[in-house]
Amino acid sequence: MEKSHAVQPPSLSSLPPEIVVIILRHLATPKNRVLGRSYDDLIRTTLSNSYVRQVALATPSLWTRIEIADSPASFELAKACLDRSGTQKLDIAVRIAIRVGPKLPGVFALVKHVAGRTRALRLQIGLSKPAQWMQLNDFLDALELPALEYLTLAFWDPNETGSLTRSIPLPKGAGMLRSISLVHLRPILPPPSIRQLQHISLCWAALDNRRLHHFWSILAQAERLETLELVGEVTTDVARSELPPRNQEERAS
């Protein structure tokens with residue numbers, strides 16, 4: 001009687017580079033990991049196989065998510081990803097809340113360095129000193145992000161018991177901006193950034209007529225707005241009733 005031989009699955013080393021890239025791209029996709037740990041599976045796989053590592057390092061599109069957290073290791077990984085990403089557009093996510101002062105210059109320098117190819121930017125930073133807020137305002141006021149499509153900003157003071165709503169300048173030259181999400185911030189948007197917006201999400205401690213008056217002037221210029229989310233004391237439905245007529249007609253069609 002002939003012995004049956006189980007078919008062995010091919011090893012990664014036997015696969016063409018195109019297939020390996022598909023597998024690695026799946027590994028590099030964030031899966032609800034803590035910020036700064038999205039590349040764990042990808043790096044672990046590349047360390048186990050030299051062929052896979054060569055393919056990964058030769059594929060800039062695998063390294064386009066730049067993540068910075070409070071861990072010093074996340075800064076080093078972010079630098080490595082920047083080097084490996086070539087000229088690809090980037091998704092940058094930063095969340096720092098511990099010993100923020102010494103980290104701010106490095107974070108701001110990194111964002112400025114790749115401003116021309118940043119597609120998505122998420123900044124979540126705890127600022128406990130007035131000088132840090134001034135640094136942030138100066139940084140944002142001078143920042144130009146021509147390739148930006150998605151922007152999320154959340155800044156807070158750990159020493160405050162309540163959540164204040166602060167005015168904040170948003171990046172200039174963001175003619176491709178599609179979505180903004182702000183937490184306890186009133187946006188100061190340059191006109192080109194307003195006209196292309198399709199999604200706005202605002203989280204404020206309190207939404208009253210006085211605070212919303214500034215915001216309606218922005219909505220009046222948001223000709224392509226599709227969705228609006230307001231979290232506060234008024235409901236999203238009330239906010240939607242204030243959308244520009246053109247947006248209401250488009251939503252009804």
Side-chain angles (χ1 to χ4, degrees), residues 17-18 21-22 24-31 33 35-40 42-43 46 53-69 71 73-96 103-125 135-155 168-182 185 187-201 224:
E18 296 81 5
V21 169
I22 293 174
L24 295 180
R25 184 165 287 118
H26 175 73
L27 294 176
T29 302
K31 308 176 190 67
R33 286 188 179 276
L35 195 69
R37 304 296 299 272
S38 297
Y39 285 104
D40 283 6
L42 173 60
I43 292 175
T46 59
R53 178 173 174 78
Q54 291 175 5
V55 172
L57 294 179
T59 309
S61 61
L62 291 175
W63 307 98
T64 57
R65 184 170 177 81
I66 312 300
E67 298 182 348
I68 294 178
S71 166
S74 71
F75 279 81
E76 297 305 315
L77 179 57
K79 294 176 184 177
C81 290
L82 281 179
D83 291 339
R84 298 169 184 175
S85 64
T87 59
Q88 298 283 312
K89 289 187 177 180
L90 302 172
D91 294 351
I92 299 177
V94 177
R95 180 178 177 83
I96 53 176
K103 298 172 184 173
L104 282 182
V107 169
F108 292 165
L110 182 147
V111 174
K112 287 181 179 179
H113 179 64
V114 295
R117 58 187 182 105
T118 298
R119 185 186 72 96
L121 177 62
R122 175 157 60 101
L123 296 178
Q124 298 171 296
I125 306 175
Q135 281 182 276
L136 174 68
N137 275 273
D138 291 344
F139 163 70
L140 291 175
D141 192 47
L143 188 61
E144 295 193 15
L145 299 169
L148 189 68
E149 297 182 37
Y150 306 96
L151 177 65
T152 299
L153 299 178
F155 307 123
I168 202 79
L170 299 189
K172 301 180 181 68
M176 299 176 64
L177 188 61
R178 302 289 182 264
S179 173
I180 60 171
S181 178
L182 307 177
L185 301 171
I188 303 173
L189 274 166
S193 300
I194 300 174
R195 298 191 186 101
Q196 302 298 324
L197 281 175
Q198 297 174 357
H199 172 78
I200 297 176
S201 175
R224 300 189 179 184

Problem set entry | Heavy-atom side-chain contact between P60 and T87 under 4.5 Å | no
Show me, pair by pair, the donor-acceptor contacts under 3.5 angstrom made by side chains of residues 174-181, not counting sequence neighbours?
{"residue": "R178", "atom": "NH1", "partner": "M176", "partner atom": "O", "Å": "2.7"}

Problem set entry | Straight-line distance of Q198 CD to I200 CD1, nearest 0.5 Å | 11.0 Å
Problem set entry | For the student: nearest non-hydrogen atoms of T46 and A56, plus distance | CG2-CB, 3.7 Å
Exercise. Under the side chain to side chain contact (heavy atoms under 4.5 Å, CB included) test, which residues partner A154, sequence neighbours left out?
Worked result: Q124, V183
Exercise. Atom OG in S61, atom CZ in R84: separation rounded to 0.5 Å?
Worked result: 13.5 Å
Seminar exercise, completed: When rounded to the nearest 0.5 Å, the distance separating CG of L136 from CG of L104 is 8.0 Å
Exercise. So do the side chains of L62 and L27 get within less than 4.5 Å of each other, counting heavy atoms only?
Worked result: no
Exercise. Do T64 and Q88 have a side chain donor and acceptor closer than 3.5 Å?
Worked result: no
Exercise. Can you list the residues that meet the side chain to side chain contact (heavy atoms under 4.5 Å, CB included) rule with D138, with sequence neighbours excluded?
Worked result: none
Exercise. Just by distance, with hydrogens left out, do T59 and R25 show a side-chain donor and acceptor under 3.5 Å apart?
Worked result: no
Exercise. Looking only at atom types and distance, does a side-chain atom of R117 sit under 3.5 Å from a main-chain N or O of G86, one as donor and one as acceptor?
Worked result: yes
Seminar exercise, completed: So CD1 of I68 and CG of L123: to nearest 0.5 Å the spacing works out to 9.5 Å
For this session: Could you pull out all residues at least two apart from Q54 that satisfy side chain to side chain contact (heavy atoms under 4.5 Å, CB included)?
Result: none
Problem set entry | Beyond-backbone contact of E67 with Y39, side-chain heavy atoms, under 4.5 angstrom | no
Name every donor-acceptor pair, under 3.5 Å, that has one atom in a side chain of residues 105-115 and the other anywhere in the protein, sequence neighbours excluded.
none

Problem set entry | Approximate separation, where rounding is to 0.5 Å, of I92 CD1 and C81 SG | 11.0 Å
Problem set entry | Atom pair CG (L77) and CD1 (I66), whose distance is rounded to the nearest 0.5 Å | 8.0 Å
For this session: Determine whether L170 and L153 make a side-chain contact, defined as any pair of heavy atoms from C-beta on separated by less than 4.5 Å.
Result: yes
Please output the side-chain donor-acceptor pairs of residues 142-152 that fall under 3.5 Å, not counting sequence neighbours, one pair per line with the distance.
none

Exercise. So which heavy atom on P169 is nearest to which on L140, and how close?
Worked result: O-CB, 3.4 Å
